[in-house]
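What follows is a short report on a single structure.
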Amino acid sequence: MTAFQKQVFAALLEIPEGKVVSYGELSSYLGVQSAQAIGQALKNNPDSPQVPCHRVIRKDGNLGGFMGSLENNNKRDLLKAEGVIFDNTGQLSTTEAWYSFPK
DNA sequence: TACATGACTATCC
DNA sequence: GGGATAGCCATGT
């Protein structure tokens, strides 16, 4: 568990229910300029049920590759239950779900 | 220590 | 507008 990962997860927990953030925004918030670093931290997610890693999506509104790695299409429904609507192609259907970090 | 990889993004044909 | 390219940072081998 690196300090960087802790920051990633801490930031994730600040995301209110029904909101999502992009890798880029998250990385900027943490002070780095690499969204891939975020992905690395997330895929090593030690607390998968606790950390809402499914609230981190690509900047273009696509869920990204983690969806297939996890379950099937249940993630979309899970997010939908939280208020984040995706269409059947895995694209974010509403721009109102985007969350901006206060920093 | 050095090189390769990735759940990404921005730019350039 | 869509595909290819090159930076980007942290990790793992």
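Everything numeric here is computed off the predicted structure, so don't read it as measured data. Labels below follow one simple rule: chain letters A, B, ... track the order of the sequence lines, proteins then strands, and each chain is numbered from 1.
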Open item on the list: Measuring to OP1 and OP2 of B:dC8, would you say a side-chain N or O of A:Lys59 lies under 4.0 angstrom away?
Closed with: no

- [ ] Using atom OH of A:Tyr23 as one end and atom P of B:dT9 as the other, report the distance to the nearest whole Å.
- [x] 8 Å

Open item on the list: One thing to verify: whether A:Arg55 and A:Glu82 come together as a salt bridge, which I'm taking to mean a side-chain N less than 4.0 angstrom from a carboxylate O.
Closed with: yes

- [ ] May I ask you to check whether A:Glu14 and A:Tyr29 show a side-chain donor-acceptor distance below 3.5 Å?
- [x] yes

Open item on the list: What is the separation between atom CG on A:Asp60 and atom C1' on C:dG1, rounded to the nearest whole Å?
Closed with: 14 Å

TODO: Output all residues satisfying side-chain contact (heavy atoms from CB on, under 4.5 Å) with A:Ala35, sequence neighbours left out; order by chain, then residue number.
DONE: A:Tyr23

Open item on the list: Keeping A:Ser93 on the side-chain end and A:Asp87 on the backbone end, is there a donor-acceptor pair under 3.5 Å?
Closed with: yes

Open item on the list: So if I define the base as every atom that isn't primed, P, OP1 or OP2, how would nucleotides 7-13 of chain C read as a B/S/- string at a heavy-atom cutoff under 4.0 Å?
Closed with: -BBSS--

Open item on the list: Testing the basics here: between A:Phe4 and A:Ala41, what is the closest heavy-atom pair and its distance to 0.1 Å?
Closed with: CE2-CB, 4.0 Å

